[in-house]
Q: 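Take a look at the following structure, please.
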There are 2 protein chains.
Amino acid sequence: MKKQERQRYIKRLLSSNEIERQEDFVSLLRAENIEVTQATISRDIKDMQLVKVPSATGGYHYSMPVQKQMDTEKKLKRTLKDAYVSYATQDKFVLVKVLPGNGPALASLIEAMHYDEVFGTIGDDATVLIICKSLALTLDLQQKIQRLLSDN
Amino acid sequence: MKKQERQRYIKRLLSSNEIERQEDFVSLLRAENIEVTQATISRDIKDMQLVKVPSATGGYHYSMPVQKQMDTEKKLKRTLKDAYVSYATQDKFVLVKVLPGNGPALASLIEAMHYDEVFGTIGDDATVLIICKSLALTLDLQQKIQRLLSDN
DNA sequence: TCCAGTCTTTCATATTTATGCAAAATGGCT
DNA sequence: AGCCATTTTGCATAAATATGAAAGACTGGA
């Protein structure tokens with residue numbers, strides 16, 4: 001189906017771009033050969049319950065819905081606590097080792113969080129490599145992970 | 001100061017969540033004898049990082065930012081765990097007793113959570129009385145508090 | 001007190017977002 | 001296929017939100 005596919009694209013765009021207005025979605029989708037109007041995006045956003053968040057830096061950007069994020073974070077926390085083995089950082093990478101079999105689950109949870117810091121993740125059975133958007137953001141992400149681990 | 005006081009009002013208005021547009025804030029504040037324009041509300045919302053959330057029922061409403069909610073919940077948990085003595089319920093009231101000195105802090109944290117169930121709170125040095133909006137909601141709130149106490 | 005710098009507000013308006021309605025597309029059914 | 005019901009979309013525009021610029025308020029210091 002058309003709409004669903006587009007909404008999948010929208011989700012993916014969320015994590016990889018700083019999207020300030022609905023027209024940004026329109027252009028980014030056009031770049032992927034998907035033609036839509038702002039009206040449709042507005043409806044998609046309502047459907048998906050995305051929100052336009054005032055960011056600390058003074059701008060705005062679209063982001064995943066609150067509830068989903070909280071649910072996902074809970075799962076992420078549990079998975080991390082259950083399966084965590086170790087982690088290491090280098091450059092823009094954070095490498096998390098987990099118990100065998102937990103890699104894919106963890107990776108997809110991290111994807112689902114749509115962290116601003118994260119460019120993408122890739123993993124195997126027992127490892128997740130998180131690629132950040134910048135060095136500074138790598139630090140941020142590291143802290144987030146530590147917090148998830150230590151935090152009640 | 002003026003701005004901060006207004007933003008406190010805005011926070012309180014949030015929990016009585018029928019707020020669909022910024023003009024709603026303007027009218028509600030006018031009802032409390034606070035005159036502002038939509039422009040100022042827009043800037044307040046940016047300051048406070050409130051978001052306009054597409055609700056499941058098809059409309060929109062303004063809401064607290066995710067991050068702040070999570071931070072507050074964390075503090076609330078800690079305070080409860082640290083200072084909790086006992087609690088009792090009657091009618092639409094939940095009465096929480098805490099160690100001396102912790103009442104006001106707890107009350108303001110509960111206010112800050114903007115629980116839908118809560119009509120208002122009042123407290124002294126060692127007690128917080130939470131007034132719920134209905135009997136059913138009192139039960140809900142009780143469960144929330146228990147969860148905060150028991151929960152990891 | 002008066003001033004300069006900073007912050008806050010309003011007004012006016014630009015920008016962005018939401019939506020009524022008609023047209024187009026999609027999905028069964030027969 | 002052909003038809004009807006339902007869903008989705010675009011267009012046009014209404015509605016809502018954000019923001020530059022000017023004016024007003026506030027603050028600390030001379």
Side-chain angles (χ1 to χ4, degrees), chain A residues 1-69 114 116, chain B residues 1-68 114:
Chain A
M1 183 167 290
K2 198 78 182 305
K3 182 182 169 189
Q4 285 176 15
E5 196 196 357
R6 186 185 56 245
Q7 294 196 350
R8 290 163 63 88
Y9 269 94
I10 288 177
K11 270 198 194 171
R12 294 195 40 227
L13 288 173
L14 265 189
S15 57
S16 55
N17 300 76
E18 204 52 2
I19 295 175
E20 302 186 329
R21 36 180 158 301
Q22 299 184 355
E23 289 291 355
D24 292 345
F25 280 114
V26 176
S27 347
L28 287 167
L29 286 171
R30 181 168 7 254
E32 309 224 32
N33 267 26
I34 300 174
E35 292 288 328
V36 265
T37 59
Q38 173 270 324
T40 299
I41 296 294
S42 172
R43 294 190 178 103
D44 283 340
I45 281 170
K46 192 172 185 175
D47 264 23
M48 304 169 71
Q49 297 186 240
L50 302 185
V51 293
K52 190 183 177 188
V53 188
S55 62
T57 57
Y60 295 86
H61 70 274
Y62 278 92
S63 148
M64 287 293 281
V66 187
Q67 195 50 57
K68 292 229 173 110
Q69 270 185 9
H114 292 93
D116 285 351
Chain B
M1 183 169 289
K2 199 78 182 303
K3 181 181 168 190
Q4 285 177 17
E5 197 197 356
R6 185 185 55 246
Q7 294 197 350
R8 289 165 62 87
Y9 271 93
I10 288 177
K11 272 196 193 172
R12 295 193 44 225
L13 288 174
L14 266 188
S15 59
S16 56
N17 53 21
E18 298 297 338
I19 298 180
E20 302 187 327
R21 35 179 163 297
Q22 299 185 355
E23 289 291 354
D24 291 347
F25 281 114
V26 176
S27 351
L28 287 168
L29 286 172
R30 184 172 358 259
E32 310 224 31
N33 267 26
I34 300 174
E35 292 289 328
V36 267
T37 58
Q38 173 270 324
T40 298
I41 296 295
S42 173
R43 292 194 176 96
D44 282 340
I45 280 171
K46 191 173 186 174
D47 263 23
M48 305 169 71
Q49 297 186 240
L50 302 185
V51 294
K52 188 184 178 188
V53 188
S55 62
T57 58
Y60 296 86
H61 71 273
Y62 278 93
S63 150
M64 288 289 283
V66 191
Q67 196 52 59
K68 294 243 170 90
H114 293 94

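Residue numbering restarts at 1 for every chain, and letters A, B, ... go by the order of the sequence lines. Computed from heavy atoms alone, side chains included, the values below leave out hydrogens, waters and symmetry copies.
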Q: Atom CD of B/Gln22 and atom C1' of C/dT9: how far apart are they, to the nearest Å?
A: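 Taking CD of B/Gln22 and C1' of C/dT9, I get 15 Å after rounding.
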Q: Side chain to side chain donor-acceptor pair (under 3.5 Å) with B/Gln38: which residues, sequence neighbours excluded?
A: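 Side chain to side chain donor-acceptor pair (under 3.5 Å) check on B/Gln38 returns B/Gln22.
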Q: Shortest non-hydrogen contact from B/Val36 to B/Val26?
A: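 Reported closest heavy-atom pair: O-CG1, 3.3 Å.
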Q: Restricting to salt bridge (Lys or Arg N to Asp or Glu O under 4.0 Å), what partner residues turn up for A/Asp44, sequence neighbours left out?
A: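 Only A/Arg6 meet the salt bridge (Lys or Arg N to Asp or Glu O under 4.0 Å) criterion with A/Asp44.
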Q: In whole angstrom, give the distance that lies between atom CD1 of B/Ile45 and atom C1' of D/dA16.
A: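 Those two atoms, CD1 and C1', are 11 Å apart.
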Q: Passes side-chain contact (heavy atoms from CB on, under 4.5 Å), A/Leu28 versus A/Ile10? Steps please.
A: CA-CA 9 Å; A/Leu28 287 167; A/Ile10 288 177; over 6 Å; no
Q: Return the value, rounded to whole Å, for the distance between atom CD of A/Glu20 and atom P of D/dT17.
A: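 In whole Å, D/dT17 P lies 18 Å from A/Glu20 CD.
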Q: Which residues satisfy the side-chain contact (heavy atoms from CB on, under 4.5 Å) test with A/Tyr60, sequence neighbours excluded?
A: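 Partners of A/Tyr60 by the side-chain contact (heavy atoms from CB on, under 4.5 Å) criterion, ordered by chain and then number, come out as A/Lys52, A/Pro54, B/Lys46.
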Q: Would you kindly compare B/Val36 and A/Lys52 by the position of their nearest DNA chain C nucleotide and give the one closer to the 5′ end?
A: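 On the 5' side of the pair lies B/Val36.
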Q: Just to verify, what does A/Asp47 make a salt bridge (Lys or Arg N to Asp or Glu O under 4.0 Å) with, not counting sequence neighbours?
A: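 A/Lys3.
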Q: To the nearest Å, how far apart are A/Glu35 CD and D/dT8 C1'?
A: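 Interatomic distance, CD of A/Glu35 to C1' of D/dT8: 16 Å.
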Q: Tell me the interatomic distance from A/Phe25, atom CZ, to C/dT17, atom C1', rounded to whole angstroms.
A: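 That distance rounds to 13 Å.
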Q: Give me each pair satisfying ring pair (Phe, Tyr, Trp, His ring centres under 6.0 Å) with a member in residues 26-58 of chain A, each pair once, sequence neighbours excluded.
A: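 For residues 26-58 of chain A, and leaving out neighbouring residues, there are no ring pair (Phe, Tyr, Trp, His ring centres under 6.0 Å) pairs at all.
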Q: Once you round it to whole Å, what is the distance between P of C/dT8 and CG of B/Leu29?
A: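 Distance, rounded to whole Å: 17 Å.
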Q: On the nucleotide D/dT9, are OP1 or OP2 found under 4.0 Å from the side-chain N or O atoms that A/Arg6 carries?
A: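 Yes.
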Q: In degrees rounded to 10°, what angle is found between the helical axes fit to the five outermost pairs at each end of the helix from C/dT1-D/dA30 to C/dT30-D/dA1?
A: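 The angle separating the two end axes equals 30°.
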Q: Could you tell me the separation between the CD1 atom of A/Ile10 and the P atom of D/dT8, rounded to a whole number of Å?
A: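 To the nearest whole Å, that distance equals 13 Å.
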Q: Can you pull out every ring pair (Phe, Tyr, Trp, His ring centres under 6.0 Å) where at least one residue sits in residues 18-44 of chain B? Sequence neighbours excluded, please.
A: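 Every ring pair (Phe, Tyr, Trp, His ring centres under 6.0 Å) pair that includes a residue of residues 18-44 of chain B, provided the two are not neighbours, is B/Phe25-B/Tyr62.
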Q: If a pair satisfies salt bridge (charged side-chain N to carboxylate O under 4.0 Å, His left out) and one of its residues is in residues 22-39 of chain B, list it, with sequence neighbours excluded.
A: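 Sorted result for residues 22-39 of chain B: B/Arg30-B/Glu35.
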Q: Consider the side chain of B/Thr37, meaning its heavy atoms from C-beta on, and name the nucleotide among D/dT9, C/dT10, D/dA18 that approaches it most closely.
A: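 It is C/dT10.
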Q: Between protein and nucleotides 19-25 of chain D, map the contacts as a letter string: B base, S sugar-phosphate only, - none, heavy atoms under 4.0 Å, written 5' to 3'.
A: BBB----
Q: Rounded to whole angstrom units, what separation is found between the OH atom of A/Tyr62 and the C1' atom of C/dT17?
A: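 My rounded result for the distance is 7 Å.
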